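Just so we're on the same page: letters track the sequence lines, and every chain starts at 1. Keep in mind it's a predicted model, so treat the numbers as computed, not measured.
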2 protein chains.
Amino acid sequence: MAKLTPRQTEILEFIRRSVRDEGYPPSQRDIARHFGFAQNAARDHLRALARKGEIEIASNDARAIRLCGESGVEAPPQGLPLLGRIAAGAPVTAPENAESWLNIDPDLFTPRADFVHRVDGDSMVDAGILSGDLVGIHQQTDAPSGSIIAACLYDDMTGEERITLKRYLRDGSRVVLKAENPRYAPIEVDLARDAYDQEQPRFRIAGVMGGLLRSGSPR
Amino acid sequence: MAKLTPRQTEILEFIRRSVRDEGYPPSQRDIARHFGFAQNAARDHLRALARKGEIEIASNDARAIRLCGESGVEAPPQGLPLLGRIAAGAPVTAPENAESWLNIDPDLFTPRADFVHRVDGDSMVDAGILSGDLVGIHQQTDAPSGSIIAACLYDDMTGEERITLKRYLRDGSRVVLKAENPRYAPIEVDLARDAYDQEQPRFRIAGVMGGLLRSGSPR
DNA sequence: GGGAATACTGTTCAATTGAACAGTACTTAT
DNA sequence: ATAAGTACTGTTCAATTGAACAGTATTCCC
């Protein structure tokens, strides 16, 4: 799709707004009146927009403008990004880096989910969270002690950042990230120590668990 | 909103289809041409539809039809009924008897869910299903042995029918409904015996589990 | 039996509309 | 330098369009 000039973007926006607010596209003269120029200027713009694939001028009929650029009449893209392990350097929790998008109402979770994380491994089985489950996460930088959080752990070796689910236990500056499975050892972090201390992993809270979605039945 | 005649519904549908497919409403003559009548008939119909609040005729302009009845451009109402324990006599699995409706895409579950059931009790904890979880159920009358099913159990005492989640194990005519928690005893049914035998509960398969939705985090 | 609503036909008319043709001025790539 | 694209003005014109007015047949309600 060819790039639009600022003026063309303005005009396309006006058409979109008209369709949304009035329910039908404007006539060439409507456009001209709104922008204060002659009908033929509007016609030129429509032709340019049609050539660039943003609209289709369906026929010689009145208001026969069909919006076709990405978001014509479609529903607003509602859903949640599925975040997880991603390539080195890039921030894991940025929606742009989503593996895929799920069509779920964020309000099905409490608190409301901002993204979804796929559980890998059985470290949380005793909390009823199985491998492969999708966990809804509400993005926040802190969490009450005892809650289940999505922790971002940064691996110095690979330079990769990844999300893990853990129970968050905090006592002063001492933080314990506990798995809900006796076979896994808890990770301990002392926030008072320098972040550059290599003996402990660097971590941050990505958010708190707001719920869970599982597809299929276990075993 | 006044009721529409079949003909008016046809015409409203045609306008909706036009807006969806073409991107703009039809002219009165477009309508007339499509239905094979004169322009004025179309005009009469539009006036009737406007009077009944289904559309708005915005001005004297070409194609100035604005759809306003409930679902103008909105998404189709999609969701799943939440079924569970219900009043005596009524069939539990009928969507009309839903406790409430959840706005979930049925295809998030595999197999696709037809309704949702709220888990009450800890009988399935070992399968990662906790009390309060919502389980997506695909309606079917039979299920492979070993799968987790929604079983309809009929209580002769209260005359109530209720849904319970169980692991379904079948060996010939012998059926075992097993809880995924050692503290619960399995229920045994012999299909060869008469359904009127009061020594065993009457049951039927409501469907198989297609997945799970949990709001909030455990404990 | 009368009134209202539905479901049309048919004609006329003025306003609106898109299209075409002829220009102008400016910018941006080649 | 020059061709292409942008961003307009101005005029003319035929086609389309909604509106109005005058009818007709049928059904439904009171």
Which whole-number value in Å describes the distance from [X] [atom1] to [N] [atom2]?
X: B:Q39; N: C:dA14; atom1: CD; atom2: C1'; value: 13 Å
X: B:D44; N: D:dA19; atom1: CG; atom2: P; value: 12 Å
X: A:L46; N: C:dT17; atom1: CG; atom2: P; value: 13 Å
X: A:I15; N: C:dG18; atom1: CD1; atom2: P; value: 11 Å
X: B:I11; N: C:dC8; atom1: CD1; atom2: C1'; value: 10 Å
X: A:I65; N: C:dT17; atom1: CD1; atom2: C1'; value: 12 Å
X: A:R47; N: D:dA4; atom1: CZ; atom2: C1'; value: 16 Å
X: A:H45; N: C:dG18; atom1: NE2; atom2: P; value: 15 Å

>> Would you say the rings of A:H34 and A:F14 are close, in the sense that their centroids are separated by under 6.0 Å?
In response: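 Ring centres of A:H34 and A:F14 closer than 6.0 Å.
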>> With the threshold set at under 4.0 Å for non-hydrogen atoms, list the residues of residues 25-33 of chain A touching DNA chain D in residue-number order.
In response: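 Within this stretch, nothing sits under 4.0 Å of the strand.
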Among the nucleotides [options], which one has an atom lying closest to any side-chain atom of [X]?
X: B:N40; options: D:dT11, C:dC8, C:dG10; result: C:dG10
X: B:A48; options: D:dC8, C:dT9, C:dT6; result: C:dT6
X: B:F37; options: D:dT17, C:dT9, D:dA7; result: C:dT9

Within the side chain of [X], is there an N or O that forms a donor-acceptor pair under 3.5 Å with the backbone of [Y]?
X: B:R214; Y: A:G128; value: yes
X: A:S173; Y: A:D190; value: no
X: A:D114; Y: A:Q139; value: yes

Does OP1 or OP2 of [N] have a side-chain N or O of [X] closer than 4.0 Å?
X: B:Q8; N: C:dT6; value: yes
X: A:R7; N: C:dC26; value: no
X: B:R43; N: D:dC21; value: no

> So, do A:F115 and A:I137 sit near enough that their side-chain heavy atoms are less than 4.5 Å apart?
Replying inline: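 Yes - at least one pair of side-chain heavy atoms lies under 4.5 Å apart.
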> Under a 4.0 Å N-O cut-off, is there an ion pair linking B:R33 with B:D30?
Replying inline: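 The answer is yes: the pair qualifies as a salt bridge.
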> So which pairs with a foot in residues 137-152 of chain B pass salt bridge (charged side-chain N to carboxylate O under 4.0 Å, His left out), sequence neighbours left out?
Replying inline: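 Non-adjacent pairs meeting salt bridge (charged side-chain N to carboxylate O under 4.0 Å, His left out): zero.
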